[in-house]
2 protein chains.
Amino acid sequence: MTTSTRDGRNGAATLEQVAKVAGVSRATVSRVVNGSPKVSDDIRRAVEAAVAELGYVPNRAARSLVTRRSDSIGVVIAEPSGRLFTDPFFPRVLRGISAYLSSRDLQLVLLMPAAGETHRTADYLTAGHVDGALLVSLHDDDPLPGRIAEAGIPMVVSPRPRRPLAASYVDVDNAGGAHSAVAHLVGNGRRVVATIAGPQDMAPGVDRLTGYREALRDARLPSEPDLEAVADFTQEGGAVAMERLLKARPDIDAVFAASDQMAAGALSVLAASGRRVPEDVAIVGFDDSAVATTTSPALTSVRQPVEEMGEEMARLLVAAVERSDPAPRRVILATQLIRRASSAGRRVP
Amino acid sequence: MTTSTRDGRNGAATLEQVAKVAGVSRATVSRVVNGSPKVSDDIRRAVEAAVAELGYVPNRAARSLVTRRSDSIGVVIAEPSGRLFTDPFFPRVLRGISAYLSSRDLQLVLLMPAAGETHRTADYLTAGHVDGALLVSLHDDDPLPGRIAEAGIPMVVSPRPRRPLAASYVDVDNAGGAHSAVAHLVGNGRRVVATIAGPQDMAPGVDRLTGYREALRDARLPSEPDLEAVADFTQEGGAVAMERLLKARPDIDAVFAASDQMAAGALSVLAASGRRVPEDVAIVGFDDSAVATTTSPALTSVRQPVEEMGEEMARLLVAAVERSDPAPRRVILATQLIRRASSAGRRVP
DNA sequence: GCGTCGTGTGAGAGCGCTCTCACGATGTCG
DNA sequence: CGACATCGTGAGAGCGCTCTCACACGACGC
């Protein structure tokens, strides 16, 4: 290392300077920096030495200008879907996304549009500021995916969109997770298994309900409307749903809630009604969030590989951007049932 | 609107084309787009019409290349500080940051470096890819702020750094919040008030402990080492600390925990020891996170204006970038005590 | 020994924008 | 009525990079 090191930003070295130091042309330095194979070994070494000496970092703007790629990916996290404020789902997805993008030297541009900013967000994404978009947790009626598809920008969404959409998606096996939860309850001797379902305008809500029904059918238990209450993934919603269920069917001996938050709400209602958990009523949640361990008793819950989802989304998107491969792909990740006290033991008849 | 609309990205209109349609020069269009005052009204209108007609959006890369500004801000969220996975603090801060940046048409580039990537992150930030940096929740020994300061990149950190640092910061009034929590407990007739403190290598941990001590002093209650246990903001840590406290001082009648997670851990230990909350022992948490309402009883907690913190950080940073004003500023936001069942009522002596 | 090819390198154009500077038109003053 | 500001506009350079194309050079075949 000699005298000249990078000094902040304004003194940043340019290709030109590296070329002069290495005694080659600008074009050759560019080739080395971009890993072109058609450079002789000795020249490559000379250039690399010059790059190191000057602390050269390519100017992204200049490169983008000519390549017409921004080397950045937009990540859209939609308006507070309750989830935003109650469990650390988003940071974990972002971690997964970030890990993959940074390994590929891509920028993660985060967009958290407020309500009513859909238009603005779509404008931004379609203006060529990003090479692709990752859409997390949109509602089914959001016009964003449509606008992006129209503009021909590659995208990957999660969860599974319920309307047909020419886009790749990544999701967890919601139905399978619900199925395993209910099978677990039935396996413990429960016979009157209710569910507090999530909102039916999002795939996770729908799929978890489907999984519940299929598990009952597989266990040859009747699936009754009385045993199903739809709520909104929140604690308050879960509490209200539980009250409704108990009123209709006081003989309930197990509950599968489609989120931990709703399970927590149900728990307080069960306690208030004088029922013991898990002795009288067993309960299983979904998400395996922080809440699951703070309730008493702690919640059995379905864990999803959240970071992995983010990583997989990023991987699919980058592949689509690079190969400009329009064939949509689907990735479904497995869930895992985490057993805790809320569904322990076996009911004594 | 005529035939020519923007078609995705490649067909994007350029200044040149807008100029031709409007019948003026490229320079004039540039002036209009950038809001220069020295353009006559009729020409301005003509240009604006042409811009609308062509759906013109300035090319960020080209602009950056000449202005030598990236119009983007780096936001660094450090390695899982526990907090990342247990409460929705980060999404909320990000929301605040995002809201302000998008109002100023600035890109939010998110960095979530994994352990050991500090060097890489610093390289990125100092390479001129961003105009400024927001550092959230770093540990005191993180070398990142130093590197950034060295490179002369504007930055704002949160929480308050404990080592002297020539940077602006935003934080909540941790000491004040803790003080109000303890005053509340004392006001309810509690006399043996313990605390489960946070890690002492971060300002929030230190400041909340300080607030606790000051409140005891103000209430003319003795501050005893026996009544203080340090934990790590997690539920497990809180449980262990509570056990330690009970062993040393079985007569404890109130606990101030520096996080809701720790309060939740303490709650389970108190229950296991046969103590009733709030009748025998009252407890107050900090953060007012989702956990606070799922425990039983629900936790009284100190609420912090998280979104506001993010917004304020962004505001300070943008001001520093624009005015290249190196004078560090400090902003401390007020907290609010949210009363719930865990500290209700009054002890019957 | 001359054409032909392949291979590594350099010259140069140009990506879309901003910004300085020059210039013509208009207004102001002595 | 000429000298001089003032103001709005246009011409043109140049930001740092990539990429096409031409060229020099050695290897090869006839």
Side-chain angles (χ1 to χ4, degrees), chain A residues 6 8-48 50-51 54-72 105 107 127-129 131 322, chain B residues 6 8-48 50-51 54-72 105 107 127-129 131 322:
Chain A
R6 110 200 53 165
R9 33 225 302 251
N10 285 337
T14 70
L15 261 198
E16 192 79 49
Q17 296 168 23
V18 175
K20 195 187 293 176
V21 170
V24 297
S25 75
R26 215 167 58 239
T28 298
V29 179
S30 175
R31 278 188 271 262
V32 172
V33 168
N34 292 294
S36 158
K38 27 171 81 182
V39 178
S40 65
D41 282 355
D42 40 351
I43 287 203
R44 178 183 307 277
R45 271 190 295 274
V47 170
E48 281 166 352
V51 164
L54 298 177
Y56 171 75
V57 179
N59 180 315
R60 228 170 169 118
R63 177 181 283 172
S64 285
L65 185 55
V66 40
T67 59
R68 330 197 117 264
R69 306 209 308 143
S70 63
D71 286 333
S72 57
D105 241 318
Q107 286 195 148
H129 297 320
D131 296 336
E322 287 182 349
Chain B
R6 111 201 53 167
R9 33 227 303 251
N10 286 338
T14 70
L15 260 197
E16 192 79 49
Q17 295 169 24
V18 175
K20 195 187 291 175
V21 169
V24 297
S25 74
R26 215 167 59 240
T28 298
V29 178
S30 175
R31 279 188 270 263
V32 171
V33 168
N34 293 293
S36 157
K38 29 170 81 180
V39 178
S40 66
D41 282 355
D42 40 351
I43 287 204
R44 177 183 307 277
R45 271 189 295 273
V47 171
E48 280 166 351
V51 164
L54 298 177
Y56 170 74
V57 179
N59 180 316
R60 229 170 167 116
R63 177 180 283 172
S64 286
L65 185 56
V66 40
T67 59
R68 331 197 115 262
R69 306 209 307 142
S70 63
D71 286 333
S72 56
D105 241 319
Q107 285 195 148
H129 297 320
D131 297 335
E322 287 181 349

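Letters go in sequence order (proteins before strands), and every chain restarts at 1.
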Fill in: Pairs where residues 22-39 of chain B contributes a residue and the test salt bridge (charged side-chain N to carboxylate O under 4.0 Å, His left out) is met, not counting sequence neighbours
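Applying salt bridge (charged side-chain N to carboxylate O under 4.0 Å, His left out) to every pair that reaches into residues 22-39 of chain B, excluding sequence neighbours, yields B/Glu16-B/Arg26.
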Worksheet item: Mind checking whether B/Pro58 and B/Val33 have side chains closer than 4.5 Å, heavy atoms only?
Response: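 Contact flag for B/Pro58/B/Val33 side chains = yes.
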Discussion item. Can you confirm whether A/Gln107 sits close enough to B/His129 that some side-chain heavy atom of one is under 4.5 Å from a side-chain heavy atom of the other?
Written reply: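 Yes, at least one pair of side-chain atoms sits under 4.5 Å.
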Separation of atom [atom1] in [X] from atom [atom2] in [N], rounded to whole Å:
| X | N | atom1 | atom2 | value |
| --- | --- | --- | --- | --- |
| A/His129 | C/dG16 | NE2 | P | 14 Å |
| A/Lys20 | D/dG16 | NZ | C1' | 15 Å |
| A/Asn34 | D/dC17 | CG | P | 10 Å |
| A/Arg63 | D/dC15 | CZ | P | 19 Å |
| A/Tyr56 | D/dG16 | OH | C1' | 7 Å |
| A/Glu16 | D/dC15 | CD | P | 9 Å |
| B/Arg60 | D/dC15 | CZ | C1' | 18 Å |
| B/Leu15 | C/dC15 | CG | C1' | 13 Å |

Item to complete: Could I get the full list of salt bridge (charged side-chain N to carboxylate O under 4.0 Å, His left out) partners for B/Glu322, not counting sequence neighbours?
Response: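 Testing B/Glu322 for salt bridge (charged side-chain N to carboxylate O under 4.0 Å, His left out), a comparison that skips the adjacent residues, returns B/Arg104.
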Practice prompt. Could you tell me whether the phosphate oxygens of C/dG16, OP1 or OP2, come under 4.0 Å of any side-chain nitrogen or oxygen in A/Arg68?
Written response: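 Checking A/Arg68 against C/dG16: at least one side-chain N or O falls below 4.0 Å of OP1 or OP2.
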Worksheet item: Any side-chain N or O of A/Asn59 under 4.0 Å from OP1/OP2 of D/dC15?
Response: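 Checking A/Asn59 against D/dC15: no side-chain N or O falls below 4.0 Å of OP1 or OP2.
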At what distance, to the nearest 0.5 angstrom, does [atom1] of [X] lie from [atom2] of [Y]?
| X | Y | atom1 | atom2 | result |
| --- | --- | --- | --- | --- |
| A/Ile43 | A/Ser25 | CD1 | OG | 8.5 Å |
| A/Ser70 | A/Arg63 | OG | CZ | 12.5 Å |
| B/Leu15 | B/Leu54 | CG | CG | 11.0 Å |
| A/Asn59 | A/Leu65 | CG | CG | 9.5 Å |

Worksheet item: What closest approach, in Å, do A/Asp71 and A/Arg60 show between heavy atoms, and which atom pair accounts for it?
Response: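 The answer is O-NH2, 3.3 Å.
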Show me the protein contacts with nucleotides 22-28 of chain D, counting only N or O atoms at under 3.5 Å.
none

All N/O pairs under 3.5 Å across the protein-nucleotides 7-13 of chain D interface:
residue	atom	partner	partner atom	Å
D/dT9	OP1	B/Ser40	OG	2.7
D/dT9	OP2	B/Ser40	N	3.0
D/dG10	OP2	B/Ser25	N	2.9
D/dG10	OP2	B/Ser25	OG	3.0
D/dG10	OP2	B/Thr28	OG1	2.7
D/dG10	N7	B/Arg31	NH2	2.9
D/dA13	N6	B/Arg26	NH2	2.8

Worksheet entry | Sequence-distant partners of A/Asp42, side chain to side chain donor-acceptor pair (under 3.5 Å), two or more places apart |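 In terms of side chain to side chain donor-acceptor pair (under 3.5 Å), with neighbours along the sequence ignored, A/Asp42 is linked to A/Ser40.
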What N/O pairs connect the protein and nucleotides 23-27 of chain C at under 3.5 Å? Give each pair on its own line.
none

Worksheet item: Which one of B/Val32, B/Thr28, B/Val51 satisfies the side-chain contact (heavy atoms from CB on, under 4.5 Å) criterion with B/Val18?
Response: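 Looking at B/Val32, B/Thr28, B/Val51, the match for B/Val18 under the side-chain contact (heavy atoms from CB on, under 4.5 Å) is B/Val51.
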Discussion item. Of the listed nucleotides (D/dT18, D/dG16, C/dT18), which one gets closest to any side-chain atom of A/Ser30?
Written reply: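 Taking heavy atoms from C-beta onward, the closest nucleotide is D/dT18.
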